[in-house]
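Worksheet: one structure, shown below.
Letters A, B, ... mirror the listed sequences (proteins, then strands); counts begin at 1.
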Protein chains: 2
Amino acid sequence: MSRMEPSSAIVRRSLHDELVDRVGRLIVDGRLSPGQKVPEKELCARFGVSRTPLREALKVLAAEGLVTLSPNRGAAVSEVTEADLDEVFPVMGVLEALAGELAAARITEKELARIRNWHAAMLKHFAVRDLAGYFALNEKIHDAIFAAARNETLSAQYRQLAARVRRVRYVAKMSDRLWTKSVGEHEQMVAALEARDGRRLAAVLKRHLATKQRTVRVWLAKQSPSVPR
Amino acid sequence: MSRMEPSSAIVRRSLHDELVDRVGRLIVDGRLSPGQKVPEKELCARFGVSRTPLREALKVLAAEGLVTLSPNRGAAVSEVTEADLDEVFPVMGVLEALAGELAAARITEKELARIRNWHAAMLKHFAVRDLAGYFALNEKIHDAIFAAARNETLSAQYRQLAARVRRVRYVAKMSDRLWTKSVGEHEQMVAALEARDGRRLAAVLKRHLATKQRTVRVWLAKQSPSVPR
DNA sequence: TGACTGAATTTTGAATTCATAATTTCCTAC
DNA sequence: GTAGGAAATTATGAATTCAAAATTCAGTCA
């Protein structure tokens, strides 16, 4: 008997697992905004499921910090304060540094080549100041570095923290100065990877993240006065 | 009206939240052993709750890596393989290092004094080779360092990883040589804290964790042949 | 008008129910 | 006696139900 196409096969994940993803995405890319109550009923209707699996998913999202549960008043999308960023970024920093060290030691030629290509494409987006395209490739490159680090635990921890700040991170319009700086850092990242210099890559990634934090900070400061509640 | 004893007060957390703790503890301190299926029914009876909140808790524990869910066959306590340790320890390492740097900068005299006391008490337990007493204080000291780092995100991430390995970590009988080494490292930790030398503390913590990993490795290697499945 | 009270409604947390998948038991054929 | 397979049992995933809490709304009185 012939095996079914893996792509067409319905990999029957449990509903709650699927929902963690779907609802998480709604939050991360801003379709549910911070502070807003999670509309349980509406989401049940939208996804065609009952409250049970949805609520299971919300518990998981709460453990990951994307939603906040208050007793007898349900779930709300977590807000991202400046204090949160001050907590999260340093942790992301050391995780990225570790990823860099491991990746430099373990990355294959093939993976490196792919990153080089993405980097080149990213430069083109930068040239015409196409932020969305830039970010998409930027994220791919970072993911590839974590993949090359071959440490699923490390990647998972990072992903979790990244999700908490991404909605801020990827909305933050960069000033041209910071953007240029960021591109330069990416240049150095690729160079360090090619030299397989883990220490240097770690340092670059840390500096890069600091740049990002500054970008976000600027954005958040501009934003928060206009967000009353 | 007089206030009730906090210990007797029923702080009405949601059931699932309470259960994440209780079941998590069962796993972490080995009352449910790795590989074993989580006895849903039995736990419901034991805690006097229905399956709904228990299953919510299991989803959260699965996200934290303490249990593993397989479609249509429920939850089982996750096993800890050597490969897991190779993933988890490096991450814990960088988190501890960061905690050390932050703690050195932020710790108060009072907190430092408390750590000094615990350290002294720990030495007494070491003198008579009282492993349980030693571990209890050891853990307190590490917790205190994270508390002094004033970064809840950092602490939470660390706690999560620590839970995954603790059942191995705190069962592992240390060889006398490694134990002595460990005590020496603790000595250096306190010294670095007193000097508020973050860099040095980070280095010591990293070395200390490496020692611990070696301890666990030895234990796991001895163990695994006798565990058939 | 406007603050307060209390009933009606909605929302939440958790138990129960129900359909389906997995496992066990028991029977049959060899 | 054992392998195979059907029926019974149990476990699992998810929907539904139910009680209690929160919220909304309406009416009363100052």
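- In terms of modelled atom types and a separation under 3.5 Å, the side chain of B:Gln213 and the main chain of B:Phe89 share no donor-acceptor contact.
- Under the 4.5 Å side-chain criterion, counting only non-hydrogen atoms from C-beta, A:Ile145 is in contact with A:Ile115.
- B:Met189 has its side chain within reach of B:Ile141: a pair of non-hydrogen atoms, C-beta onward, lies under 4.5 Å apart.
- Helix-axis bend for the helix from C:dT1-D:dA30 to C:dC30-D:dG1: the local axis fitted to the five terminal pairs at one end deviates from that at the other end by 10°, rounded to 10°.
- Taking the side chain of A:Arg55 as heavy atoms from C-beta on, and the options C:dT12, C:dA15, D:dT23, the nearest nucleotide is C:dT12.
- B:Lys37 has no side-chain polar atom (N or O) that falls below the 4.0 Å cut-off from OP1 or OP2 of D:dA11.
- Looking only at side-chain heavy atoms (C-beta outward), A:Arg22 and A:Arg46 stay at 4.5 Å or farther from each other.
- One interatomic measurement links the two molecules: NE2 of B:His16 to C1' of C:dT12, which rounds to 14 Å at whole-angstrom precision.
- Within the 4.5 Å cutoff, side-chain heavy atoms of B:Glu139 are placed close to those of B:Arg166.
- In this pair, A:His186 and A:His208 present their aromatic rings perpendicular. The plane angle is above 60°, beyond the 30 to 60° band.
- OP1 or OP2 of C:dA21 has not a single side-chain nitrogen or oxygen of B:Arg73 nearer than 4.0 Å.
- Near DNA chain C, meaning a heavy atom under 4.0 Å away, there are no residues from residues 57-68 of chain A.
- Checked by atom type, the side-chain pair B:His125/B:Asn138 shows no donor-acceptor distance below 3.5 Å.
- What separates CG of B:Leu15 from P of D:dA19 is a distance of 17 Å, to the nearest Å.
- Counting non-hydrogen atoms of neighbouring residues, nucleotides and ligands closer than 6.0 angstrom, the CZ atom of A:Arg214 exceeds 12 such neighbours.
- Within the 3.5 Å criterion, the main-chain N or O of B:Gly65 finds a donor-acceptor partner in the side chain of B:Ser78.
- Aromatic ring pairs are classed by plane angle as parallel below 30°, tilted from 30° to 60° and perpendicular above 60°; the pair B:Trp179 and B:Tyr134 is perpendicular.
- Of the residues in residues 40-52 of chain B, those placing a heavy atom less than 4.0 Å from an atom of DNA chain C are B:Val49, B:Ser50, B:Thr52, in numerical order.
- For the pair B:Asp84 (side chain) and B:Thr81 (backbone), a donor-acceptor distance under 3.5 Å is present.
- Listed nucleotides D:dA22, D:dA14, C:dA15 differ in distance to A:Asn72; the shortest reach to its side chain belongs to D:dA22.
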